[in-house]
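Heads up, the thing below is written out as structure tokens.
Start at 1 and go down the list; that is how both ligands and their atoms are numbered. In this chain, numbering begins with 1 at the start of the sequence shown.
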Amino acid sequence: MNIGVVCYPTFGGSGVVATELGIAMADMGHKVHFITYKRPIRLSHFHENLFFHEVSSFEYPLFEYPPYDTVLASKLVDVVIHEKLDVLHVHYAIPHANVAYLTKKILESKGITLPTITTLHGTDITLVGHDQSFAPVVQFCINKSDGVTAVSNQLKKQTLEYFDIKKEIKVIHNFIDFKRFRKVNKDHFRKAIAPDGERILVHTSNFRKVKRVDDVIHVFKRIVDEVPAKLLLIGDGPERLHLEELCRELDTCQHTRFLGKQDAIEELLAIADLFILPSETESFGLAALEAMACEVPVISTNTGGLPEVNIHGETGFLSDIGDVDDMAKNALLLLKDPELLSKFRKNALARAQIFDVDKVVPEYEAYYEEVIASVLAAKG
Ligand code: GMT
């Protein structure tokens with residue numbers, strides 16, 4: 001197949017999933033074309049089946065907000081025609097589902113059929129998508145996509161609650177590549193970060209309010225008051241300054257390291273004892289899955305799709321949003337009992353294996369084929 005992929009190329013989870021999926025499809029022999037404004041972060045190596053088409057912005061004094069949707073659609077029309085794409089897969093509905101629909105209609109006027117698939121990732125439905133500023137367009141364009149997938153059962157349920165959706169939504173969970181995410185020996189890192197054998201807790205995110213990174217620090221404060229521990233905060237974003245202040249206020253700075261954005265997250269997960277993810281909303285929680293693949297149990301909230309990934313009392317623990325006392329209690333239970341921690345580590349790995357890239361990606365491949373066949377059959 002010749003596959004077109006549209007995504008946000010930055011550090012967000014949807015861009016990561018889109019890129020990893022594209023790479024896996026290319027490994028399976030398909031030709032995959034990424035069409036976006038920047039080379040996706042994880043698309044760093046040459047691959048004979050991978051192509052990147054940059055969408056450049058068009059500056060003009062009249063445009064206070066450069067019309068990205070329009071330049072993206074124009075680029076897509078060009079790529080679909082010249083690269084003879086069989087299917088266009090867009091990740092994150094806003095604005096990609098509407099751009100896909102516009103592209104499809106332009107091509108239809110030229111006698112070209114373009115099957116389109118939209119993958120819903122989370123905030124395109126929850127925090128942002130169902131806000132009135134976007135909702136009518138999101139609903140219309142989901143209904144106009146030839147195929148729609150969601151990354152968890154809970155996200156599918158929320159989509160059906162918030163919108164009037166006529167289309168069948170297929171759930172295809174996020175996935176993990178064990179060639180990259182696995183526990184490796186990084187004892188020299190561990191010694192550098194925790195020289196006196198302290199426990200290591202890790203959180204990774206884009207430090208937006210929805211991630212509730214404050215809660216990570218509050219949980220850590222309760223932990224470090226009872227057991228020697230270090231906290232690694234990986235990532236960056238709008239909350240960073242405020243979080244640094246909170247560390248000073250709670251007097252946890254000497255045990256906390258802000259590591260900024262990191263590419264080799266797996267090397268840091270390799271030395272972690274626990275992963276903390278106290279999000280307000282999380283459609284799946286790819287970061288939790290990455291930790292589990294590296295044998296790190298997860299202390300998380302019970303929001304969104306997290307219970308589909310992290311199993312309470314088995315691979316980690318789930319708490320209500322904001323219940324930092326409960327999260328700290330659960331973390332301490334594991335940190336104070338090496339045998340239990342080791343059992344949870346094994347369980348976390350076993351659970352992560354359900355989401356192995358080699359099991360999940362063929363589901364996307366089969367779905368592409370199904371959608372293409374049904375669009376072509378409808379055309380007659
Ligand atoms: O909102 C974000 O944190 C980024 C967002 C994205 O689309 O880039 O992440 C969402 O998609 C990920 C991949 O499918 C999921 O693993 C995340 O849970 C989800 N984030 C939220 O729902 C908050």
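At least one N or O atom of S14 sits closer than 3.5 Å to an N or O atom of ligand 1. Considering backbone and side-chain atoms together, F284 places an N or O closer than 3.5 Å to an N or O of ligand 1. For ligand 1, none of its N or O atoms has an N or O atom of V151 under 3.5 Å away. Between H121 and ligand 1, at least one pair of N/O atoms sits closer than 3.5 Å. Polar contact check, G122 against ligand 1: no nitrogen or oxygen pair lies under 3.5 Å apart. Considering backbone and side-chain atoms alike, T281 places every N or O at 3.5 Å or more from each N or O of ligand 1.
Counting heavy atoms under 4.0 Å from ligand 1, residue Y92 touches it through the side chain alone. Of the heavy atoms in D124, none comes closer than 4.0 Å to ligand 1. Residue-level proximity to ligand 1 for L286 is carried by backbone and side chain together, each with a heavy atom below 4.0 angstrom. Contacts of N206 with ligand 1, taken as heavy-atom pairs under 4.0 Å, involve the side chain alone.
Which parts of ligand 1 touch T123 is read off a 4.0 Å heavy-atom cut-off, strictly below it: atoms 1 (O), 23 (C). Annotation for ligand 1: atoms under 4.0 Å from non-hydrogen atoms of G12 are 8 (O). Under a 4.0 Å criterion applied to the non-hydrogen atoms of N174, ligand 1 contributes the atoms 13 (C), 14 (O), 15 (C), 16 (O). Atoms of ligand 1 lying under 4.0 Å from any heavy atom of S283, numbered from 1 in the order shown and given with element: 15 (C), 17 (C), 18 (O), 19 (C), 21 (C), 22 (O). For ligand 1, the atoms closer than 4.0 angstrom to any heavy atom of K211 are 3 (O).
Between K191 and D187 there is no salt bridge, since no side-chain nitrogen of the basic residue lies less than 4.0 Å from a carboxylate oxygen of the acidic one. Looking at E280 and K209, no side-chain N of the basic residue comes within less than 4.0 Å of a carboxylate O on the acidic one, giving no salt bridge. Salt bridge status for E282 with K211: present, with a side-chain N to carboxylate O gap under 4.0 Å. Using a cut-off of 4.0 Å between Lys/Arg side-chain N and Asp/Glu carboxylate O, R180 and E266 are scored as salt-bridged. By the 4.0 Å N-to-carboxylate-O rule, K230 lies too far from D273 to be salt-bridged with it.
In the model, D27 has a side-chain atom that pairs as donor or acceptor with a side-chain atom of H47 under 3.5 Å. Checking E365 against H30 by side-chain atom types alone, a donor-acceptor pair falls below 3.5 Å. Neither side chain, T301 nor S279, offers a donor N or O lying under 3.5 Å from an acceptor on the other.
No cation-pi contact links K104 to Y101, judged by a cut-off of 6.0 Å to the six-membered ring centre and 45° from its axis.
Among E280, E282, R208, the residue whose heavy atom lies nearest to atom 17 (C) of ligand 1 is E282.
Side-chain rings of Y8 and H91 stay apart, their centers remaining 6.0 Å or farther from each other.
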